[in-house]
2 protein chains.
Amino acid sequence: MTIAEVGKKYDITPDTLRYYERIGLISDVPRTKNGIRDYDEKSCKRIEFIKCMRNAGVEIDILSKYISLIETGKSTVEERKKLLEDQREKLLAKQKTINETLDRLNYKIKIYEDIASGKRKDFTED
Amino acid sequence: MTIAEVGKKYDITPDTLRYYERIGLISDVPRTKNGIRDYDEKSCKRIEFIKCMRNAGVEIDILSKYISLIETGKSTVEERKKLLEDQREKLLAKQKTINETLDRLNYKIKIYEDIASGKRKDFTED
DNA sequence: TATTGACTTGGAGTTTACTTAAAGTGATAT
DNA sequence: ATATCACTTTAAGTAAACTCCAAGTCAATA
């Protein structure tokens, strides 16, 4: 698969894919005899994983660390597990924050609805 | 309240509070005769709101727009409601993304646990 | 054969959201 | 009185994560 195809498949620009490769997030991407990237299954899976984590806001530094642990080999399994657990904690905290903010948004939207329907005349921001 | 006190109360640095004021996110902060900020209830509520939204990842541009709508007056109620609804949609989408990523993290962590407990010997990343 | 188009590289530029620095003011502590 | 401390301003600097640009290569098509 060419870089354009992979980019389309995962909704990542070729520039970003090259950037990820440059910083070591994606390694060992196969090339044609002319030096053009020809992504294989393994690379695609890696990209899909990174895309998923990045979408949720996991930082590149963390992902770099994780990838380097994988590349170091079996001895890093415990450390990898710890890293993923830490990220899970962060995402759970983020989830909680978002829920709180959603409650607040719902409350404010309701006030605006009441104003629109004439149920409420007075209101003070915020 | 001084800027340092407000900063401590909401866990925002004084520099960030001045920055928010500079870009128009927080306006009409009262001052002492010497020009020192003396935050009142209204300013504090605004800060608390902004902090909540920023924690959830709502962008400063969006908050600026919202604040300017508030300052324009009652005629913008409908537009404000729309803006908040858009942000709610974004947060719901983010929530969904995070949940998917959490599922994936849980799956991977489980694999690492199985490896640690000897239940599983073979594994291929990712 | 000439041009088009997708790819390559290295490096510079952009965006968002702060963060820090430099220079100065004014009230309080020694 | 002098030094300390928290505050003030304007402006420049930083970090993270891309994003774009210039110059060049190669295969395919007009």
Side-chain angles (χ1 to χ4, degrees), chain A residues 1-40 43-44 46-47 49-68 87 90-91 94 97 101, chain B residues 1-40 43-44 46-47 49-68 87 90-91 94 97 101:
Chain A
M1 282 184 111
T2 68
I3 199 165
E5 286 162 352
V6 173
K8 190 163 251 181
K9 184 168 181 187
Y10 297 110
D11 194 31
I12 304 176
T13 70
D15 274 318
T16 300
L17 286 170
R18 286 189 209 100
Y19 165 69
Y20 284 168
E21 196 176 331
R22 195 162 65 235
I23 63 173
L25 265 193
I26 311 163
S27 40
D28 306 321
V29 174
R31 303 280 183 133
T32 67
K33 63 230 157 282
N34 304 314
I36 290 175
R37 288 172 185 81
D38 182 24
Y39 293 86
D40 61 0
S43 300
C44 285
R46 169 73 55 87
I47 288 163
F49 172 71
I50 286 166
K51 159 103 185 178
C52 174
M53 295 299 139
R54 289 292 304 127
N55 276 353
V58 176
E59 286 165 28
I60 282 186
D61 269 9
I62 304 288
L63 294 175
S64 293
K65 178 67 187 163
Y66 181 69
I67 296 300
S68 92
Q87 297 316 303
K90 281 195 197 172
L91 290 190
K94 202 180 265 192
T97 304
T101 306
Chain B
M1 282 185 110
T2 69
I3 198 166
E5 285 162 352
V6 172
K8 191 164 249 177
K9 184 168 179 187
Y10 297 110
D11 194 32
I12 305 177
T13 69
D15 277 317
T16 300
L17 286 170
R18 286 190 208 99
Y19 165 68
Y20 284 168
E21 196 176 328
R22 194 162 66 236
I23 62 171
L25 265 194
I26 311 163
S27 39
D28 306 319
V29 175
R31 303 282 183 133
T32 67
K33 64 228 157 282
N34 304 313
I36 289 173
R37 287 172 185 82
D38 183 24
Y39 293 87
D40 60 0
S43 300
C44 285
R46 168 74 54 88
I47 289 163
F49 172 71
I50 287 166
K51 160 103 186 177
C52 175
M53 296 298 138
R54 288 293 304 125
N55 277 353
V58 176
E59 285 167 29
I60 282 187
D61 269 9
I62 305 286
L63 295 175
S64 293
K65 178 67 186 164
Y66 182 68
I67 295 301
S68 91
Q87 295 317 302
K90 281 194 197 171
L91 291 190
K94 203 180 265 190
T97 304
T101 307

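All of these numbers come straight from a predicted model, not from anything done at the bench. Just so we're on the same page: letters track the sequence lines, and every chain starts at 1.
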Stepwise side chain to side chain donor-acceptor pair (under 3.5 Å) test for A:Ser64 and A:Asp61: CA-CA 5 Å; A:Ser64 293; A:Asp61 269 9; 5.2 Å; no
Side chain to side chain contact (heavy atoms under 4.5 Å, CB included) assessment of B:Glu5 paired with B:Lys8: CA-CA 5 Å; B:Glu5 285 162 352; B:Lys8 191 164 249 177; 5.8 Å; no
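The aromatic ring centres of A:Tyr66 and A:Phe49 sit less than 6.0 Å apart.
Rounded to an integer number of Å, the gap from CD1 of A:Ile47 to P of D:dC18 is 13 Å. Atom pair A:Ile3:CD1 and C:dA6:P shows a separation of 14 Å (rounding to whole Å applied). In this structure, B:Arg18 places its CZ atom 13 Å from C1' of C:dA21, rounding to the nearest Å. Residue B:Glu21 contributes atom CD, which lies 11 Å from atom C1' of D:dT8 at whole-angstrom precision. Following rounding to the nearest Å, B:Arg22 (CZ) and D:dC7 (P) show an atom-to-atom distance of 17 Å.
Under the 4.5 Å side-chain criterion, counting only non-hydrogen atoms from C-beta, B:Asp11 is in contact with B:Lys51. Considering only heavy atoms from C-beta on, A:Tyr20 stays 4.5 Å or farther from A:Leu63 through its side chain.
Taking the side chain of B:Glu59 as heavy atoms from C-beta on, and the options C:dC7, C:dA17, D:dT19, the nearest nucleotide is C:dA17. Of the listed nucleotides (D:dC18, D:dC21, D:dA11), D:dC21 has the atom at the smallest distance from the side chain of A:Asp15. Nearest nucleotide to the side chain of B:Tyr19, out of D:dA17, D:dC7, C:dT19: C:dT19. The side chain of A:Tyr20 lies closest to D:dC18 when the candidates are C:dC7, D:dC7, D:dC18.
Across all strands, A:Arg54 comes closer than 4.0 Å only to sugar-phosphate atoms, never to a base (heavy-atom distances).
Inter-axis angle, ends of the helix from C:dT1-D:dA30 to C:dT30-D:dA1, five pairs per end, rounded to 10 degrees: 20°.
DNA chain D lies under 4.0 Å from at least one heavy atom of each of the following residues of residues 25-39 of chain A: A:Asn34.
The two residues A:Val6 and A:Met1 come nearest to each other via the heavy atoms CG2-CB, 3.7 Å.
Take the nearest nucleotide of DNA chain C for B:Ile60 and for A:Ala4: the residue whose nucleotide is more 5' is A:Ala4.
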